[in-house]
Amino acid sequence: MIKIKHYIAFMDLLGTKAMATANSFQYRKTIEVFHNVIERLRSEYDTVEVYVFSDCAYLEDTNFENLCMFFKDMRERLLEKEICFNAAICEGTLDARKKGDEKYVIVDFIDEQVVKVYGLQSCFTGAGIYIDPCIWKDKDVYVKSNEILVDSIYANINKQDGKFIYRSCKDIKFQRNTEELLQFILNLYVKTYLLDRRAARYYYTIYATYINEQGIDNFLGSEMRLINLIINSIQKLYDYDGKIIILMLLINRLYDAMEKKLDAENEGKCPIDLDEVNDELYESLSYIYEKCQMEKIYNSTFPAYISK
């Protein structure tokens with residue numbers, strides 16, 4: 001007998017705890033928007049099992065791609081209202097048990113994987129959807145996952161020195177390359193950074209997710225419009241801590257995308273030489289360096305280290 005795989009997720013809206021204290025009306029409005037979006041999506045994705053309570057939800061489906069598309073659509077619809085969330089997906093079942101009457105309702109999730117997905121979401125400090133590596137490394141979903149998932153990052157805080165630790169992850173693709181979406185993401189980041197730098201780290205994830213989807217021509221074409229958009233957006237920040245990660249993620253993507261393009265052009269017949277990549281990116285990297293006055297950035301000011 002073939003065992004059917006199930007996938008579960010836990011999600012939580014970002015910023016609602018602070019909102020409940022500062023603006024109860026806005027909090028109530030946000031919850032209503034969230035519930036309405038969930039309700040509409042359930043009619044479109046009728047195989048997804050959803051259990052909502054306040055600003056959180058558990059979800060389950062037997063189709064991994066379908067569950068990812070549910071989250072992709074929910075993210076974009078909530079972003080329109082400047083509402084973000086973070087979530088995690090892993091393999092497992094909720095094994096939901098419901099009991100109660102008009103006076104009370106209890107929903108208990110029996111399967112032990114519920115604890116795992118909750119733990120993954122709690123550790124994931126990004127505005128995105130963390131995919132358990134056990135899923136995207138599974139041979140049954142690996143090929144298809146390349147079409148719907150993309151490399152991204154999230155930032156944890158080192159309790160010893162307070163610095164950010166940047167960790168790699170997989171997120172669900174936006175499957176869009178509009179400049180308007182990137183501008184919207186950057187505006188959210190800048191606005192949040194000016195109010196609360198620690199909270200702004202959540203937006204590194206959706207920014208990295210977006211730019212890591214884009215091919216090299218998207219960055220270098222149209223007189224580097226995309227690069228200019230990024231640079232002009234973060235110029236509103238006056239300290240380099242707020243700019244450096246945005247710029248480093250951009251530069252990293254330029255290298256990865258250019259290497260991929262050159263590899264495709266020579267059909268993988270020989271390893272790509274780094275000097276060739278540097279030559280191809282010389283103009284764009286020089287432009288970023290000069291426009292952002294990166295000579296003022298020293299290693300001592302770099303606010304984080306990378307951990308995989």
Quick check on the hydrophobic clustering: are Tyr207 and Tyr193 connected, directly or via other members, by side-chain heavy-atom contacts under 4.5 Å? yes

With rounding to the nearest 0.5 Å, note down the distance linking CE in Met74 to CD1 in Ile172. 9.0 Å

For the pair Lys243 (side chain) and Leu237 (backbone), establish whether a donor and an acceptor sit closer than 3.5 Å, ignoring hydrogens and angles. yes

If you round to the nearest 0.5 Å, how far is CG of Leu181 from CG of Leu79? 7.0 Å

Are Leu249 and Leu149 joined in one hydrophobic group, where the rule is that I, L, V, M, F, W and Y side chains link up if heavy atoms are under 4.5 Å apart? no

Is it the case that atom CD in Glu283 sees more than 12 heavy atoms from other parts of the structure closer than 6.0 Å? no

Roughly how far apart are Ile231 CD1 and Ile227 CD1, rounded to 0.5 Å? 6.5 Å

Flag, side chain of Asn23 to backbone of Met19, donor-acceptor distance under 3.5 Å: no

Using a distance-only test with no angle check, is there a side-chain donor-acceptor pair under 3.5 angstrom linking Asn228 and Tyr287? yes

Judged by modelled atom types alone, do Tyr210 and Asn177 share a side-chain donor-acceptor pair under 3.5 Å? no

Assess whether a salt bridge exists between Asp151 and Lys170, defined as any Lys/Arg side-chain N lying under 4.0 Å from an Asp/Glu carboxylate O. yes

Take the angle between the ring planes of Tyr154 and Phe124 and call it parallel below 30°, perpendicular above 60°, tilted in between. perpendicular

Pairing donors with acceptors under 3.5 angstrom, does anything connect the side chains of Gln183 and Ser233? yes

Ile135 and Phe64: side-chain contact (heavy atoms from CB on, under 4.5 Å), yes or no, with the steps? CA-CA 9 Å; Ile135 294 178; Phe64 174 67; 3.5 Å; yes

Using modelled atom types only, decide if a donor and an acceptor are shared between the side chain of Asn218 and the backbone of Gln214 within a distance under 3.5 Å. no

Looking at residues at least two apart in the chain, or sitting in another chain, which of them share a ring pair (Phe, Tyr, Trp, His ring centres under 6.0 Å) with Tyr204? Tyr166, Tyr189

Take Cys68 and Ile129 through the test side-chain contact (heavy atoms from CB on, under 4.5 Å) and record every step on the way to the result. CA-CA 9 Å; Cys68 287; Ile129 305 96; over 6 Å; no

Does atom CZ of Arg28 have more than 12 heavy-atom neighbours from other groups under 6.0 Å away? yes

Counting only heavy atoms not in Phe25, do more than 12 sit closer than 6.0 Å to its CZ atom? no

State the NE2-CD distance between His6 and Glu60, to the nearest 0.5 angstrom. 6.0 Å

Crowding at CD, Glu112 (>12 non-hydrogen neighbours, <6.0 Å): no

What closest approach, in Å, do Cys56 and Asp12 show between heavy atoms, and which atom pair accounts for it? SG-OD1, 3.3 Å

Closer than 3.5 angstrom, by distance alone: can the side chain of Asp101 be matched with the main-chain N or O of Tyr104 as a donor-acceptor pair? yes

Is it the case that one hydrophobic cluster holds both Tyr202 and Leu188, taking links as side-chain heavy atoms less than 4.5 Å apart, direct or via other members? no

Quick check: closest heavy atoms across Glu213 and Gln175, and the distance to 0.1 Å? OE1-N, 2.9 Å

Donor-acceptor contact below 3.5 Å, side chain Lys173 vs main chain Asn146: yes

Is Leu13 reachable from Ile185 through a run of hydrophobic residues whose side-chain heavy atoms are each under 4.5 Å from the next? no

I'd like to know if Lys99 pairs up with Asp108 as an ion pair, taking the criterion as any Lys NZ or Arg NE/NH1/NH2 lying under 4.0 Å from an Asp or Glu carboxylate oxygen. no

If you draw the axis of the six-membered ring of Phe85, does the NZ or CZ of Arg75 fall within 45° of it and under 6.0 Å from the ring centre? no

List the atom of Gly215, the atom of Ala257, and the distance in Å for their closest heavy-atom pair. C-CB, 4.3 Å

Closer than 4.0 angstrom, basic N to acidic O: yes or no for Asp55 and Lys17? no

CD1-CD1 distance between Ile83 and Ile31, expressed to the nearest 0.5 angstrom: 8.5 Å

Side-chain donor-acceptor pair present, Asn66, Thr47, cut-off under 3.5 Å: yes

Can any side-chain N or O of Asp239 pair as donor or acceptor with the backbone N or O of Gly242 at less than 3.5 Å? yes

If you round to the nearest 0.5 Å, how far is CG of Leu254 from OG of Ser284? 5.5 Å

Members besides Ile8 in its Ile/Leu/Val/Met/Phe/Trp/Tyr cluster (side-chain heavy atoms under 4.5 Å): Phe10, Tyr51, Phe53, Tyr58, Leu94, Val105, Val107, Phe109, Val114, Val117, Tyr118

For Asp263 and Glu259, indicate whether the former's side chain and the latter's backbone hold a donor-acceptor pair under 3.5 Å. no

Run the side-chain contact (heavy atoms from CB on, under 4.5 Å) check on Val52 and His35 step by step: do they pass? CA-CA 8 Å; Val52 179; His35 290 175; 3.6 Å; yes

Any pair with a residue in residues 33-50 that passes salt bridge (Lys or Arg N to Asp or Glu O under 4.0 Å), sequence neighbours left out, goes on the list, sorted by first then second residue, please. Glu44-Arg77

Just by distance, no angles: are the side chains of Ser152 and Asp171 close enough, under 3.5 Å, to form a donor-acceptor pair? no

Check the pair Gln121 / Met11 against side-chain contact (heavy atoms from CB on, under 4.5 Å), numbers first and verdict last. CA-CA 7 Å; Gln121 185 274 340; Met11 62 157 294; 5.9 Å; no

Ionic contact status for Glu280 with Lys261, cut-off 4.0 Å: no

Taking the side chain from Glu91 and the backbone from Gln113, do they hold a donor-acceptor pair closer than 3.5 Å? no

Is there a continuous path of hydrophobic side-chain contacts, each under 4.5 Å between heavy atoms, that joins Leu195 to Tyr238? no

